[in-house]
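Only one structure is covered here, and it is reproduced in the block below.
Quick note on labels: first sequence line is chain A, next is B, and so on, each numbered from 1. Owing to the predicted nature of the structure, the values given are computational and were not obtained by experimental measurement.
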There are 2 protein chains.
Amino acid sequence: MPTKPTWTARASNVPEEACPIGPVVDIVFSRWTTPILWSLHEHGRQRFVELERRIGTITPKVLTQRLRQLERDGLIVRTYHPEVPPRVEYEISDLGRSLAPLFAHLATWASTNLDTVERSRHDYDAKSAR
Amino acid sequence: MPTKPTWTARASNVPEEACPIGPVVDIVFSRWTTPILWSLHEHGRQRFVELERRIGTITPKVLTQRLRQLERDGLIVRTYHPEVPPRVEYEISDLGRSLAPLFAHLATWASTNLDTVERSRHDYDAKSAR
DNA sequence: CAGTATCCGGCCGGATACTG
DNA sequence: CAGTATCCGGCCGGATACTG
């Protein structure tokens, strides 16, 4: 859980000025969580290696860390099948699924405004150059 | 711009499996951006020190970095008044303001589900302990 | 298969001091 | 006031090798 301590500290230091969405951002948008949740939501229940391959550039160590975090937060469910070789399946939970509209909202904002951001960056860099 | 290279790299390596909300997450939810945008949205145009005090635990160096990033992305507007002493004002842009519904959505999700996350964590930790 | 163990580099953010 | 310059520690994530 990457930046959580930061938010928590800030919230406790200056409670009245705390950004109300701080804690939830740490839960939902910490690193690798969106591709993992997205993959689980799109392609359903998956094994460890499937997720690993689908995400592409994540290492097993980090994937394990993120999956544990998401499981602890209740956003995914891990099922262990005691077979040989072992089989483990991950699926999105109801709580995780409840994020779908939010993600859709974000995707909509992106498709509408991402090119505006791009243009802004371009203009800013052009001005800085001269 | 903190984790951007990561997302970009992943997207270019495995385009077909890329999480579509990756890039926008880096823009909107990179560190300190939500409290800055929130403060600017709630309290209107503010000077550097006002923001610094309101956010509470951020250092000037980091605040400058984040403000520059947000300005470059077009989410805020910086106005420099050439006086002595200098006066600089920051305000949220139309593009930044367009994030308000999204933030509201996030706040709603948080108020509905944050205690579920808390309970899940508690249960998980209790199980791990034994 | 589904991870764990170790090592390691880079980067980010904090602290501190200074400036036009 | 609104920053910049420097230094520095910690942490996170990647690479690699290994295991029940």
Side-chain angles (χ1 to χ4, degrees), chain A residues 1-10 13-14 22 25-26 29-36 39-40 45-72 76-91 128, chain B residues 1-10 13-14 22 25-26 29-36 39-40 45-72 76-91 128:
Chain A
M1 36 231 75
T3 54
K4 193 173 328 125
T6 312
W7 281 100
T8 316
R10 189 147 38 76
N13 287 345
V14 195
V25 168
D26 286 336
F29 297 108
S30 66
R31 208 166 120 94
W32 293 114
T33 58
T34 53
I36 293 173
S39 171
L40 251 24
R45 180 186 305 184
Q46 283 165 80
R47 304 180 66 166
F48 187 86
V49 267
E50 291 181 282
L51 277 170
E52 196 178 351
R53 287 195 200 110
R54 213 181 289 277
I55 294 174
T57 58
I58 197 168
T59 58
K61 189 193 76 170
V62 174
L63 180 56
T64 303
Q65 290 174 345
R66 301 291 106 180
L67 288 170
R68 290 286 180 281
Q69 175 194 342
L70 291 169
E71 187 196 1
R72 191 175 101 103
I76 66 174
V77 177
R78 175 181 184 271
T79 312
Y80 176 76
H81 303 271
E83 309 169 355
V84 178
R87 186 162 57 91
V88 174
E89 290 182 316
Y90 294 92
E91 58 187 321
S128 305
Chain B
M1 27 233 81
T3 54
K4 193 175 329 126
T6 312
W7 281 100
T8 316
R10 190 146 39 74
N13 287 345
V14 195
V25 167
D26 285 337
F29 297 108
S30 66
R31 209 169 120 95
W32 293 114
T33 58
T34 53
I36 292 173
S39 172
L40 252 24
R45 180 185 306 185
Q46 283 165 79
R47 305 181 63 166
F48 188 86
V49 265
E50 293 181 282
L51 276 170
E52 194 178 354
R53 288 194 199 109
R54 214 183 286 280
I55 294 173
T57 57
I58 198 170
T59 58
K61 189 193 76 170
V62 175
L63 180 56
T64 302
Q65 290 174 345
R66 299 294 106 182
L67 288 171
R68 291 285 180 282
Q69 176 193 342
L70 291 168
E71 187 195 1
R72 191 174 102 103
I76 66 173
V77 177
R78 176 182 184 269
T79 311
Y80 177 76
H81 303 272
E83 309 168 354
V84 179
R87 188 161 56 91
V88 174
E89 290 182 315
Y90 293 93
E91 59 186 322
S128 306

Margin query: Please determine whether side chain to side chain contact (heavy atoms under 4.5 Å, CB included) holds for the pair A:Leu67 and A:Thr64, giving the CA-CA distance in whole Å, both sets of side-chain angles, and the decisive distance to 0.1 Å.
Written below: CA-CA 5 Å; A:Leu67 288 170; A:Thr64 303; 5.8 Å; no
Next item on the list: May I ask you to verify if any side-chain N or O of B:Arg31 is less than 4.0 angstrom from the OP1 or OP2 atom of C:dG14?
Entry: yes
Checklist line | Separation of atom NE2 in B:His81 from atom P in D:dA2, rounded to whole Å | finding: 10 Å
Notebook entry, point to check: Does D:dA17 have a Watson-Crick or wobble mate here (both distances under 3.5 Å), and if so which one?
Noted result: C:dT4
Check: Side-chain N or O of A:Tyr90 less than 4.0 angstrom from OP1 or OP2 on C:dG3?
Finding: yes
Notebook entry, point to check: Any idea which of D:dA2, D:dT4, D:dG14 is nearest the B:Arg87 side chain?
Noted result: D:dA2
Item checked: Proximal nucleotide (of C:dG14, D:dC1, C:dC1) relative to the A:Val49 side chain -> C:dC1
Margin query: Nearest whole Å is fine: how far is D:dT16 C1' from A:Ile58 CD1?
Written below: 17 Å
Notebook entry, point to check: Between A:Gln69 and A:Arg66, is any side-chain donor less than 3.5 angstrom from a side-chain acceptor?
Noted result: yes
Item checked: Side-chain N or O of B:Arg66 closer than 4.0 Å to phosphate OP1/OP2 of D:dG3 -> no
Note to self: What's the closest nucleotide to the side chain of A:Gln65 if the choices are D:dG13, C:dG14, D:dT4?
What the structure shows: D:dG13
Next item on the list: Among A:Glu89, A:Glu52, A:Arg54, A:Arg53, find the residue that satisfies the side chain to side chain donor-acceptor pair (under 3.5 Å) test when tested with A:Gln46.
Entry: A:Arg54
Check: C:dG3 C1' sits how many Å from A:Glu89 CD, rounded?
Finding: 16 Å
Check: When you measure from the side chain of A:Phe48, which nucleotide among C:dG14, C:dA2, D:dA15 comes out closest?
Finding: C:dA2
Next item on the list: Carefully, step by step, assess A:Trp32 and A:Ile58 under the rule side chain to side chain contact (heavy atoms under 4.5 Å, CB included).
Entry: CA-CA 8 Å; A:Trp32 293 114; A:Ile58 197 168; 3.7 Å; yes
Notebook entry, point to check: Please give, in whole Å, the distance from C:dC12 C1' to B:Gln69 CD?
Noted result: 12 Å
Notebook entry, point to check: Can you tell which of D:dG13, C:dG20, C:dA2 lies closest to the side chain of A:Arg78?
Noted result: C:dA2
Check: Just how far, in rounded Å, is P of D:dT4 from CG of B:Leu63?
Finding: 11 Å
Check: Heavy-atom distance under 4.5 Å between the side chains of A:Thr34 and A:Ile36, does that happen here?
Finding: no
Notebook entry, point to check: Can you tell me if B:Ser39 uses its side chain to pair, donor with acceptor, with the backbone of B:Pro35 under 3.5 Å?
Noted result: no
Notebook entry, point to check: Less than 3.5 Å between a donor and an acceptor, one on the side chain of A:Lys61 and one on the base of C:dG3, is that the case here?
Noted result: no
Next item on the list: May I have the distance from A:Glu83 (atom CD) to C:dG3 (atom C1'), rounded to whole angstrom?
Entry: 16 Å
Check: Applying a 3.5 Å limit to both distances, which nucleotide forms a Watson-Crick or G-U wobble pair with C:dC11?
Finding: D:dG10
Margin query: Measuring from the side chain of A:Thr64 (C-beta onward, heavy atoms only), which nucleotide among D:dT4, C:dG13, C:dG3 has the closest atom?
Written below: C:dG3
Next item on the list: Using whole Å, report how far CG of A:Leu67 lies from P of C:dG3.
Entry: 7 Å
Notebook entry, point to check: How close or far is atom C1' of C:dC12 from atom CZ of B:Arg68, stated in whole angstroms?
Noted result: 18 Å
Note to self: Any side-chain N or O of A:Arg47 below 4.0 angstrom from OP1/OP2 of C:dG3?
What the structure shows: no
Note to self: Heavy-atom nearest nucleotide on DNA chain D for A:Pro86 versus A:Val62: which residue maps closer to 5'?
What the structure shows: A:Val62
